[in-house]
Amino acid sequence: MKILDKKSFQQDLLDWYDKEKRDLPWRRETDPYRIWVSEIMLQQTKVDTVIPYYNNFMEKFPTLQDLADADEDKVLKAWEGLGYYSRARNLHTAVKEVRDEYKGKVPDTEEDIKKLQGVGPYTAGAVLSIAYNVPAPAVDGNVMRVLSRLFTIYDDIGKAAAKNKFEQLIREIIAENRASDFNQAVMELGAVICTPTSPACLLCPVQKHCSAKEEGVQDLLPVKAKKKPPRTVHLKALVLQDENDRFLVEKRPDTGLLAKLWQFPYIEAAEETDEDIAAFAAEFGAAVEEEVNYYYDVKHVFSHLVWEIKVYRAEGKVDNIGSHQRLLTKDELKEFTFPVSHQKIMQSLEEE
DNA sequence: AACCCGGGGTT
DNA sequence: AACCCAGGGTT
């Protein structure tokens, strides 16, 4: 392995970052709350996807106080389509904690900030370094990829032990007085140069420091165990329209998949027959039983799950709905938060 | 340590 | 179709 010339590496990396860094909305901010929101949104999510959500979120919740005081449903609505909705619920919980227990000031110590809901090792380090210039490691997938190549580390980056090793490495090589820029520079490098496939080594500002490039093994790193393929679940969803052109929807449970989001009612059933969905529709009102018609299919791929949804339409009088269910007009549907899979179902209503 | 939890982009 | 993810919580 190459021995890293730390000072030279830091200078090459930071010089490149100073010159080439992308102009991103949260890089124009110093408010720790805003840095925090951006880091939560950026978990498992690309910059280009996050930007419009971030801008909209800041318009709706400009300060920590605004977010803390907001209704959870409004927060979820601002997160609609971004995925991993526990991020939004945890952020909301944590922001209220900061309002009530820290006088509205985002904690600036590792000990306190890690206590906040949804703030793990990565986000703690990211907020501390970027907002407060604290030399704490912020190790995400990008950083692990860059370091695994820089030092030819063949550990499986999916393992917890590997992450600890990378955090320790960052503590050794971080530019103490420029922690914010250093951490962002490593992530930026991973995002635009040291990419997962076909890294742009010829454009890399720290190529001369890189062990993987010297040995020609950059395409073999990082090492990562393959994930299991997602399992498929067959659903039949019911778009039930009452005599006042309102649609039956329901709120999902408080925990688990897509918690607290709204959806069209569905049953889990793979059979080709329509009897089960007709019986399901009949539960909501005697008048709808004979009008259940197969409409079309929606397929939605999650990271760990595939939904194959057969969508059925029915009309009639709806007089037996539960407390978690509502009848909403087309306009009212827009105010509620739906997972993308059910937005696809809703979209078809516009194409009539 | 293994599993759960979304969604979109790239190749 | 297979691959990639700017992670954290729960069990």
Side-chain angles (χ1 to χ4, degrees), chain A residues 21-22 24-27 35-54 76 79-91 93-94 113-127 129-130 137-147 156-164 166-167 170 183-192 194-199 219 221-233 252-261 263 299-307 337-344:
Chain A
K21 67 181 173 188
R22 291 169 293 176
L24 304 174
W26 44 90
R27 285 190 177 155
I35 304 296
W36 181 11
V37 170
S38 74
E39 289 302 333
I40 299 295
M41 286 186 170
L42 286 164
Q43 289 172 8
Q44 313 291 350
T45 313
K46 294 251 191 304
V47 164
D48 290 342
T49 303
V50 166
I51 287 174
Y53 281 92
Y54 176 82
L76 278 176
W79 211 270
E80 184 181 50
L82 202 49
Y84 286 115
Y85 298 93
S86 65
R87 293 184 296 173
R89 289 182 282 110
N90 289 339
L91 173 63
T93 300
I113 201 167
K114 277 186 179 168
K115 291 178 189 165
L116 299 172
Q117 194 73 14
V119 179
Y122 166 74
T123 308
V127 175
S129 61
I130 296 172
V139 174
D140 63 5
N142 273 328
V143 175
M144 288 193 283
R145 183 170 60 256
V146 169
L147 292 185
D156 179 353
I157 64 169
K159 304 289 186 188
K163 188 164 186 182
N164 293 334
F166 290 120
E167 286 179 352
I170 289 291
N183 279 345
Q184 291 187 78
V186 179
M187 291 189 267
E188 185 88 349
L189 191 69
V192 305
C194 196
T195 49
T197 57
S198 320
D219 290 328
L221 293 166
V223 174
K224 195 178 176 185
K226 291 196 193 307
K227 277 189 292 190
K228 297 191 301 185
R231 70 179 190 281
T232 299
V233 177
R252 294 178 61 89
D254 291 347
T255 58
L257 182 68
L258 303 167
K260 299 186 178 183
L261 271 61
Q263 65 184 8
K299 180 176 179 174
H300 189 78
V301 180
F302 300 89
S303 53
H304 59 302
L305 192 66
V306 179
W307 273 357
T337 308
F338 288 80
V340 168
S341 49
H342 284 251
Q343 289 177 44
K344 290 176 187 170

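Quick note: numbers below take in every heavy atom, side chains included, and nothing from hydrogens, waters or symmetry partners. Letters A, B, ... are given to chains in the order of the sequence lines, protein chains preceding strands, and every chain is numbered from 1.
The side chain of A/K159 approaches B/dA2 more closely than any other nucleotide in the set B/dG7, B/dG8, B/dA2.
In this structure the side chain of A/W79 never reaches within 4.5 angstrom of the side chain of A/T337, judged on heavy atoms. Side-chain contact between A/V306 and A/V233: absent, with no pair of heavy atoms (C-beta onward) separated by less than 4.5 Å. The closest side-chain heavy-atom distance from A/L24 to A/V47 is below 4.5 Å.
For B/dG7, one of the phosphate oxygens OP1 or OP2 lies less than 4.0 angstrom from a side-chain nitrogen or oxygen of A/H300. Of the side-chain N and O atoms in A/H304, none sit less than 4.0 angstrom from OP1 or OP2 of B/dC4.
Residues that satisfy the ring pair (Phe, Tyr, Trp, His ring centres under 6.0 Å) test with A/W307, not counting sequence neighbours, are A/Y266, A/F302. Under the rule for a side-chain hydrogen bond (donor to acceptor under 3.5 Å, both in side chains), the partners of A/K344 that lie at least two apart in sequence or sit in another chain are A/H300. Taking A/D140 as the reference, nothing meets the side-chain hydrogen bond (donor to acceptor under 3.5 Å, both in side chains) condition, with sequence neighbours excluded.
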Note to self: Using a 4.0 Å heavy-atom cut-off to protein, can you give one letter per nucleotide of nucleotides 3-11 of chain C, 5' to 3': B if the base is in contact, S if only the sugar-phosphate is, - if neither?
What the structure shows: -SBBBSS--

Next item on the list: Let me have DNA chain C in dot-bracket notation, would you? Count Watson-Crick plus G-U wobble pairs, both distances under 3.5 Å, and use [ ] for pairs crossing earlier ones and | for inter-strand partners.
Entry: |||||.|||||

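Residue A/W79 contributes atom CH2, which lies 13 Å from atom P of B/dG7 at whole-angstrom precision. Put simply, CH2 on A/W307 is 13 Å from C1' on B/dG7, counting in whole angstrom units. Between the CZ atom of A/F302 and the P atom of B/dG8 there is a distance of 11 Å, rounded to whole Å.
Note on A/R27 versus A/E188: salt bridge recorded, some NZ/NE/NH1/NH2 to OD/OE distance being below 4.0 Å.
One P atom belongs to C/dT11, the other to B/dG6, and the distance between them is 15 Å to the nearest Å. Remark: the separation of the P atoms in B/dC4 and C/dA6 is 22 Å, to the nearest Å.
A donor-acceptor contact shorter than 3.5 Å links the side chain of A/Y53 to the backbone of A/E80. Side-chain N or O atoms of A/T195 include none that pairs as donor or acceptor with a backbone N or O of A/V192 at under 3.5 Å.
Within residues 252-261 of chain A, no residue has any heavy atom closer than 4.0 Å to DNA chain C.
For A/K299, the NZ atom is loosely surrounded, since the number of other residues' heavy atoms within 6.0 Å does not exceed 12.
In the model, A/T123 has no side-chain atom that pairs as donor or acceptor with a side-chain atom of A/R87 under 3.5 Å.
Between A/V301 and A/S198, the one whose closest nucleotide on DNA chain B sits nearer the 5' end is A/V301.
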